[in-house]
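Step one of this worksheet: look at the structure below.
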Amino acid sequence: MNKTNPAIIWFRQDLRVNDNQAFNAAVESGMPILPVYVLDNENAGEWALGIASRCWLIQSLTALNKSLEGHLRFFKGPADQIIPKLANEVNASGVYWGRCYEPWRIHRDQYIKTTLHQNNIQAKSFNNSLLFEPNRILKPDGTPYKVFTPFFRNGCLQATQQTDLTVKTASVRVFDQSPVGEDINELDFSLDSNLQAAVQNNWQPGELGALNQFNRFLDHGIQGYKEGRNFPGTDHVSRLSPHLHFGEISIRQVWHSIKNETEADREDIEHFLSELCWREFSYNLLYHRPEMPRKNLQEKFDKFPWRDNKKDFNKWRLGETGYPIVDAGMRELRQTGYMHNRVRMIVGSFLVKNMLLHWHHGKDWFWDSLFDADLANNSASWQWIAGCGADSMPYFRIFNPITQGRKFDPQGVYIRRHIPELAKIPAEHIHMPWVAGTKINYPTPILDLASTRKRALKALGSTRN
DNA sequence: ACGGCGGTTGAGGGT
DNA sequence: CACCCTCAACCGCCG
């Protein structure tokens, strides 16, 4: 093996150069590096990237390519064929990547690792995406936690130190002997112009954008986070979820910075850490219950009498239910590729409980619409709100969108931002615009809260044994 | 309106 | 006997 055997860095969900263990290991191997990205819809099957994810991804990759001075090379197709073939063609010394934990990826990557080893090519994977490997945090008896609070308190907070941040030492040499792959602009990402505009107008994908967003949160959001995070009209959530999903910022860096933040109150800090650990918890669940994206974790919900109503689903999807807080959330999603967490719970409860539609419909719509669409988080959260998940919200707790709106968006700041038709409605009527008596271009409620609530509770009865 | 989880407690039995 | 370990039963919490 001579000096020209490149070390392939296979970027996946770790689109950054700082605190990237795979990147550092490849550089430190002493071989020139060959950074690659593979857009793999084939191996992903039904979990191929949603439309919003693709619109974010191309921006993030463009940013990464820029920080790699244009040396990132692109491929499209099944990675289980492309990576071994490429490694052979360029006589790679090794392939380095950050681990992903979707069941299809675990399966695919294991195959790739074996194939590379059979060809005497090193294959090294690293934890670039989580604080803890998904099978690391276990109860004293060795079984996985099923409840979040002890997972967080006795598991995560007690776990020995997270891996320290890595520091780059060696200087980077790039492999440029034979051009491989394609230019990013030659790849077909099947983009959507509305969502592309949503990225441009609201976000800055990539490592720099992630850091900027994190610093904004440290400056303005974390102080008062515990309370403030419930109010979608204020600026108290981190909005880091898309950046974390694509690994544009290191979760270890976020954890350490927040933990050592001295300006904020202890309870604000601890609450934000717990939110980071909900993400860990979702990955833990997915690892131990790989069927989670499709199957109810509580089997008794398999008997639940879901309705099937395209018309209702469309009203929900488009934000035309007539309940302002629900519609504002669904419109925020369409306009910005994101939705405030409190509102995600409200729209989820409305779909599953008031409309009595299966959580799959919500999960699939979110998968296609969210820039932070993430298999573990999305499926765990939908099961949570639907009441069929582990450590779930009890099914009989049904959010009332009027009460929730009054409580968490009292003046209607959030509602007015996303539903301009309601801009002039006085605060006292903002959550029930139909009683205001003003003529406005906004639908009257498509369903009655009290009777649909009763219907849901009755439906719940049929899940008992 | 539920019910699973996990912390606690105490009985019982072994060393 | 004194101590400790195990395990089942119970209770309160919290999603």
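The figures here come from the full heavy-atom set of this structure, side chains too, leaving out hydrogens, waters and symmetry mates. Just so it is clear, the model here is predicted, and its values are computed rather than measured. We name chains A, B, ... by the order of the sequence lines, and we start the count at 1 in each one.
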Between dG4(B) (P) and K300(A) (NZ): distance, integer Å
6 Å
note: R397(A), atom CZ; dC14(C), atom C1'; distance rounded to Å ~ 8 Å
Given dG15(C), dA1(B), dG3(B), identify the nucleotide with an atom nearest to the side chain of F396(A).
dA1(B)
Is L457(A) touching bases, backbone alone, or none of the nucleic acid, heavy atoms closer than 4.0 Å?
base
So, do Y225(A) and F217(A) have ring centers that fall under 6.0 Å from each other?
yes
Can you figure out which of dC5(B), dG15(C), dA1(B) approaches the side chain of W278(A) most closely?
dG15(C)
Check whether any side-chain N or O of D391(A) sits under 3.5 Å from a backbone N or O of F148(A) as a donor-acceptor pair, and report yes or no.
yes
From C-beta outward on P394(A), which listed nucleotide comes closest to its side chain: dG15(C), dA1(B), dG7(B)?
dG15(C)
Please name the residue in the list W56(A), W203(A), F366(A) that meets the ring pair (Phe, Tyr, Trp, His ring centres under 6.0 Å) test with Y338(A).
W203(A)
Distance in angstrom units between F148(A) CZ and dG4(B) P, rounded:
21 Å
Base, sugar-phosphate, or nothing: which does R153(A) touch, judged by heavy atoms less than 4.0 Å apart?
nothing
Looking at every strand, decide which applies to Y395(A) at a 4.0 Å heavy-atom threshold: base, sugar-phosphate, or nothing.
nothing
Rounded to whole Å, please give me the gap between CZ in R289(A) and P in dG4(B).
14 Å
Test of ring centre spacing under 6.0 Å for H107(A) and Y111(A):
no
Measure the distance from CD on E275(A) to C1' on dG15(C) and round it to the nearest whole Å.
14 Å
Is the shortest heavy-atom distance from the side chain of C156(A) to the side chain of F281(A) under 4.5 Å?
no
Rounded off to whole Å, could you give me the CZ-to-P distance for the R455(A) and dA1(B) pair?
23 Å
Measure CZ/F301(A) against P/dG3(B) and give the value in whole Å, please.
10 Å
Nucleotide nearest K146(A) (side chain, heavy atoms from C-beta), chosen from dC5(B), dG6(B), dG15(C):
dC5(B)
Quick one: F152(A) CZ to dC5(B) C1', roughly how many Å, whole number?
18 Å
